[in-house]
Amino acid sequence: QVQLVESGGGLVQAGGSLRLSCAASGRTFSSYPMGWFRQAPGKEREFVAAINRGGGSTYYADSVKGRFTISRDNAKNTVYLQMNSLKPEDTAVYYCAAARYFGAQISSGYDYWGQGTQVTVSS
């Protein structure tokens, strides 16, 4: 079992940057592909980015491609989401999750979830 705790959210102006972190417990972190999702008020949870077990392959939603970067440090049991050129429409609660397979873009493809961290982008 994996427990996930996100951090790094906050309030930022449009065009700014934030770096989210997701710390995992357990010695099996490196065996899981990981992903980030987000959920804005009144909207469904949507896929943002995914990374494979070793960190060498990544996949992004079109809405964040070129602005967000997912990475991981298996020695630190942590996955990151660097968010640049933020827009007001990026405002949401961001969740990290441990996947059953790399590249899953729907919630059912993930077994473990963090509690989420709020990101608010002001215009």
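Every heavy atom of this structure was used, including side-chain atoms; hydrogens, water molecules and symmetry mates were not.
- Closest heavy-atom contact between Ser123 and Ala14: CA-CB, 4.4 Å.
- Residues Ser107 and Arg45 approach most closely at OG-CD, 4.1 Å, considering heavy atoms.
- Judged as a side chain to side chain donor-acceptor pair (under 3.5 Å), and not counting sequence neighbours, the contacts of Asp90 are Arg38, Arg67.
- Pairs of residues two or more places apart, or lying in two chains, never qualify as salt bridge (Lys or Arg N to Asp or Glu O under 4.0 Å) while including a residue from residues 70-82.
- Evaluation of the side-chain contact (heavy atoms from CB on, under 4.5 Å) rule for Ser71 yields Tyr80 as partners, not counting sequence neighbours.
- When atom types are taken as modelled, the side chain of Thr117 and the backbone of Gly9 share a donor-acceptor pair closer than 3.5 angstrom.
- Closest approach of Asn74 and Gly54 over heavy atoms only: ND2-CA, 4.4 Å.
- For NZ of Lys43, the number of neighbouring non-hydrogen atoms (other residues, nucleotides, ligands) closer than 6.0 Å is 12 at most.
- Residue Gln3 qualifies as open at atom CD: its count of foreign heavy atoms under 6.0 Å is 12 or below.
- Taking a 4.5 Å side-chain heavy-atom cut-off between Ile, Leu, Val, Met, Phe, Trp and Tyr, the cluster of Ile51 extends to Val2, Leu4, Val12, Leu18, Leu20, Phe29, Tyr32, Met34, Trp36, Val48, Tyr60, Val64, Phe68, Ile70, Val79, Leu81, Met83, Leu86, Tyr94, Tyr112, Val119, Val121.
- Note: Glu6 CD to Thr78 OG1 = 12.0 Å, rounded to the nearest 0.5 Å.
- Annotation for Asn84 and Ser17: closest pair OD1-OG, 2.9 Å, computed over non-hydrogen atoms.
- At least one donor-acceptor pair under 3.5 Å links the side chain of Asn52 to the backbone N or O of Gly55.
- Legend: salt bridge (Lys or Arg N to Asp or Glu O under 4.0 Å) pairs involving residues 100-123, not counting sequence neighbours, sorted by first then second residue: Arg100-Asp111.
- In this view, Tyr110 and Phe37, Trp113 satisfy the ring-ring contact (aromatic ring centres under 6.0 Å, His included) rule, not counting sequence neighbours.
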